[in-house]
Amino acid sequence: MGALHVVGEPRVSFQQPPAVAAAGKNGGHGPVVEEIHGLIRVYKDGHVERPPAIPDVPCTWGATAPGAPGGVAARDVVVDRATGVWARLYATVAGAALPVVVYFHGGGFCVGSAAWSCYHEFLAQLAARAGCAVMSVDYRLAPEHRLPAAFDDGLAAVRWLRHQAQVAAASGRAAAADEVSWWRARCGFDRVFLMGDSAGANIAFHVAARLGQGHLGALSPLAVRGAVLVQPFFGGEARTASERTMAQPPRSALTLPTSDCYWQLALPAGAGRDHPWCNPLSRAAPRLEALPLPPFLVCVSEADVLRDRNLELCRALRRAGKAVEQAVYGGVGHAFQVLHNCHLSQPRTQEMLAHIKAFVSAR
């Protein structure tokens with residue numbers, strides 16, 4: 001894991017430019033073949049650049065969250081040395097047997113980090129307001145690591161968490177100190193929740209499905225009690241009404257062209273948007289009825305291009321006999337809870353945190 005550092009003020013722009021950069025000003029990498037302005041630039045030779053759209057922050061930055069007894073502490077740990085996957089752990093300074101949230105950040109599978117300041121702030125709030133321990137996973141990104149790399153990293157994170165649960169069960173909460181003993185002592189490993197926003201919600205869904213299919217074998221002493229999907233990033237060849245007609249403001253986190261670009265970079269080469277990893281309702285996807293899935297809370301933004309696709313997922317899960325709760329947040333768009341790009345972002349974020357707390361507390 002590389003050092004985390006502040007790179008300056010946020011510079012967020014999510015629109016694709018009308019033209020790609022000219023050759024000859026790119027360090028010899030050839031022309032730009034895919035670009036989402038301000039976030040990612042992919043060259044013909046495969047070289048990838050990610051401008052610092054949002055600052056990285058160290059885990060010690062702003063770690064005390066308002067409203068938490070004694071505040072919130074955070075620490076970075078290596079999850080898988082072979083792949084370089086790491087995680088940022090959060091927990092309130094006081095408390096024990098807290099439910100554990102395994103969180104996957106958004107960014108179209110191609111950008112984003114557990115070190116981004118917007119996620120650091122949001123997850124410190126989540127730990128404080130919902131009373132939970134959080135494991136925020138920094139998974140590998142596309143196009144260097146196309147899907148299913150992110151799903152594999154999600155399983156690796158759960159495998160790491162299971163090991164922590166086994167250590168706690170074998171030696172008790174008074175175990176010898178190590179780099180995560182402070183966090184492990186606060187965790188109730190029998191109440192684990194998968195969660196993510198946008199692409200991270202897609203990862204949470206597919207990790208839940210893989211766990212249900214036995215990809216890690218027995219999870220004990222872990223127990224996955226539910227999954228929270230915030231504006232889940234799914235797609236399909238056929239456009240929904242909100243994808244066709246939902247006008248997006250200039251600073252929108254997700255437009256239809258941006259979505260298509262992310263899928264082009266993230267899916268296996270040559271795959272279309274009805275690939276099961278993009279469209280879990282396609283004919284090629286496993287039948288939802290046959291998947292052992294936990295209860296879901298799906299958080300939908302009213303002004304998000306993904307709104308109708310998110311609502312259709314809820315309907316499909318219900319038809320398949322799955323437990324689903326949904327919450328729709330009026331007047332806000334994609335990723336409002338981390339980007340705060342709307343005057344309603346703060347009150348809607350507090351609503352979302354309250355819904356998540358209620359969902360977790362009921363299980």
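From a predicted model like this one, the values you see are computed outputs, not experimental measurements.
Although no hydrogens or angles enter the test, the distance criterion places no donor-acceptor pair under 3.5 Å between the side chain of D153 and the main chain of V85. A donor-acceptor contact shorter than 3.5 Å is absent between the side chain of R225 and the backbone of V360. Under the 3.5 Å distance criterion, the side-chain polar atoms of R140 are left unmatched by any main-chain donor or acceptor of A150. Q248 places a side-chain N or O within donor-acceptor distance of the main-chain N or O of A303, the cut-off being under 3.5 Å.
To the nearest 0.5 Å, the span separating CD on E302 from CZ on R307 amounts to 7.0 Å. Rounding to the nearest 0.5 angstrom, the gap separating the CG atom in L281 from the CZ atom in R319 is 7.5 Å. Summarising the geometry, atom SG belonging to C59 is positioned 7.0 Å from atom NE2 belonging to H120; distances are rounded to the nearest 0.5 Å. To the nearest 0.5 Å, atom OG1 of residue T349 and atom CZ of residue F336 are 5.0 Å apart. We find the CZ-CG distance between F296 and L194 to be 8.5 Å, quoted to the nearest 0.5 Å. Here the CE atom belonging to M195 is positioned 5.0 Å from the OH atom belonging to Y103, to the nearest 0.5 angstrom.
Ion pairing between a basic and an acidic side chain is recognised when a charged N comes within 4.0 Å of a carboxylate O; D274 and R283 show no such pairing. A salt bridge does not link E312 with R318: every distance from a Lys NZ or Arg NE/NH1/NH2 to an Asp or Glu carboxylate oxygen is 4.0 Å or more. Of the charged side-chain nitrogens involved, none lies within less than 4.0 Å of a carboxylate oxygen, so that R159 and D80 do not count as a salt-bridged pair. Of the charged side-chain nitrogens involved, none lies within less than 4.0 Å of a carboxylate oxygen, so that R363 and D190 do not count as a salt-bridged pair.
Q231 and S198 share no donor-acceptor pair across their side chains, judged by distance under 3.5 Å alone. A donor and an acceptor atom, one from each side chain of D76 and W86, are nowhere located under 3.5 Å apart. Side-chain contact, E49 with Y43: a donor N or O sits under 3.5 Å from an acceptor N or O.
Between H105 and F122, the ring centre distance reaches or exceeds 6.0 Å. Between W183 and Y90, the distance from one ring center to the other does not fall under 6.0 angstrom. For an aromatic pair to be called close, the ring centres must be under 6.0 Å apart, and Y139 with H145 fails this.
Taking each heavy atom of C110 and L265 in turn, the nearest pair found is SG-CB, 3.7 Å. In terms of heavy atoms, C187 sits closest to A133 at SG-CB, 3.9 Å.
Follow the hydrophobic side-chain contacts under 4.5 Å out from L353 and you never reach V328; the two are in separate clusters. Taking hydrophobic clusters as Ile, Leu, Val, Met, Phe, Trp and Tyr residues chained together by side-chain heavy-atom distances below 4.5 Å, F205 does not share a cluster with L254. Follow the hydrophobic side-chain contacts under 4.5 Å out from L313 and you never reach W263; the two are in separate clusters. Residue L297 is not grouped with residue L288 when hydrophobic side chains (ILVMFWY) are merged at heavy-atom distances under 4.5 angstrom, including chains of intermediate members. A single hydrophobic cluster is seen to contain both V158 and V77, as judged by linkage of ILVMFWY side chains at heavy-atom distances under 4.5 Å, directly or through other members.
Screening N341, D197, T255, D304 for a side-chain hydrogen bond (donor to acceptor under 3.5 Å, both in side chains) with H334, the sole residue that qualifies is D304.
Using cut-offs of 30° and 60° for the angle between ring planes, the W116 and Y119 rings count as parallel.
For the pair R184/F189, a side-chain contact is recorded, criterion being any heavy-atom separation below 4.5 Å from C-beta on.
Heavy-atom contacts from other residues, nucleotides or ligands closer than 6.0 Å to NZ of K322 number more than 12.
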Worked check of ring-ring contact (aromatic ring centres under 6.0 Å, His included) between F104 and H206: CA-CA 12 Å; F104 305 98; H206 284 289; over 10 Å; no
Derivation and outcome, side chain to side chain contact (heavy atoms under 4.5 Å, CB included), residues E35 and I40: CA-CA 6 Å; E35 182 171 12; I40 188 169; over 6 Å; no
